[in-house]
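Comments concern the structure below.
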Amino acid sequence: MKIFQLEQRKAIQILMFLHRKGNVIFKDLIDEVGGDYRTLDKAMRTLTELGLVTDVFKRGRPSKRYLGLTEKGEKVVEILNRLEEILSK
């Protein structure tokens, strides 16, 4: 089941952060969510493969990696927020 891929370390935190902040650069994600580059990169690859986030690398000085939620990602976050409401009651 694809839902189990969201158990990937930091995956749900990444989705919630992108929902709150909108499009960000990868460094902002590291600063806010915490964890090491490798962990967050692996989670981002999983979320990209699921079609939940966009991950665009732009070359330049300095090079930047831009992240954001897709429409599908927004829908998943809405469901996660509803789940959080149910669990909080």
Side-chain angles (χ1 to χ4, degrees):
M1 291 181 73
K2 294 207 178 264
I3 194 167
F4 293 125
Q5 290 178 304
L6 293 179
E7 290 180 330
Q8 173 88 30
R9 193 161 171 219
K10 304 277 186 179
I12 292 175
Q13 286 177 281
I14 291 170
L15 290 173
M16 301 309 263
F17 172 71
L18 292 175
H19 176 71
R20 279 192 327 273
K21 298 291 185 173
N23 293 331
V24 300
I25 59 172
F26 195 79
K27 183 185 179 319
D28 294 340
L29 181 70
I30 292 171
D31 293 344
E32 183 73 23
V33 175
D36 61 76
Y37 178 89
R38 209 177 270 195
T39 299
L40 295 177
D41 182 62
K42 186 175 180 184
M44 281 299 302
R45 278 185 277 143
T46 298
L47 294 171
T48 301
E49 289 169 7
L50 290 171
L52 303 179
V53 299
T54 58
D55 187 351
V56 178
F57 182 80
K58 294 205 176 175
R59 296 190 186 278
R61 291 190 180 242
S63 297
K64 292 191 178 176
R65 188 173 171 186
Y66 294 90
L67 316 172
L69 282 180
T70 63
E71 208 173 300
K72 184 177 177 182
E74 287 287 354
K75 290 177 183 177
V76 168
V77 169
E78 288 174 19
I79 293 167
L80 290 171
N81 283 331
R82 281 188 275 169
L83 182 59
E84 179 64 26
E85 283 179 34
I86 291 167
L87 293 173
S88 294
K89 291 182 182 180

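This is a predicted model, so every value here is computed, not measured.
Going from atom CD of E32 over to atom CG of L18 covers 10.5 Å, rounded to the nearest 0.5 Å. E7 CD to T46 OG1: the interatomic distance, rounded to the nearest 0.5 Å, is 12.0 Å. Rounding to the nearest 0.5 Å gives a distance of 14.5 Å between NZ of K10 and CG of D41.
Smallest separation of non-hydrogen atoms from I14 and A43: CD1-CB, 3.6 Å. Closest approach of L50 and K72 over heavy atoms only: O-NZ, 2.9 Å. The two atoms that bring M44 and L67 nearest to each other are CE-CD2, 3.4 Å, heavy atoms only.
By the neighbour-count criterion of 12 heavy atoms within 6.0 Å, atom CZ of F4 is sparsely surrounded, having that number or fewer from other residues, nucleotides or ligands.
Under the 4.5 Å side-chain heavy-atom criterion for ILVMFWY residues, no single connected hydrophobic cluster contains both L52 and Y66.
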### Message
Does L47 form a side-chain contact (heavy atoms from CB on, under 4.5 Å) with L6? I'd like the steps, not just the answer.
### Response
CA-CA 8 Å; L47 294 171; L6 293 179; 3.8 Å; yes
Only pairs under 3.5 Å count here: list side-chain donor-acceptor contacts from residues 78-89, not counting sequence neighbours, and write none if there are none.
{"unit_1": "N81", "atom_1": "ND2", "unit_2": "V77", "atom_2": "O", "d": "3.4"}
{"unit_1": "E84", "atom_1": "OE2", "unit_2": "S88", "atom_2": "OG", "d": "3.3"}
{"unit_1": "S88", "atom_1": "OG", "unit_2": "E84", "atom_2": "O", "d": "2.8"}

Do any side-chain atoms of residues 19-31 form donor-acceptor pairs under 3.5 angstrom with protein atoms, and if so which ones, sequence neighbours left out?
{"unit_1": "H19", "atom_1": "ND1", "unit_2": "E74", "atom_2": "OE1", "d": "2.9"}
{"unit_1": "K27", "atom_1": "NZ", "unit_2": "D31", "atom_2": "OD2", "d": "2.8"}

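Under the salt bridge (Lys or Arg N to Asp or Glu O under 4.0 Å) criterion, D55 pairs with R65, not counting sequence neighbours.
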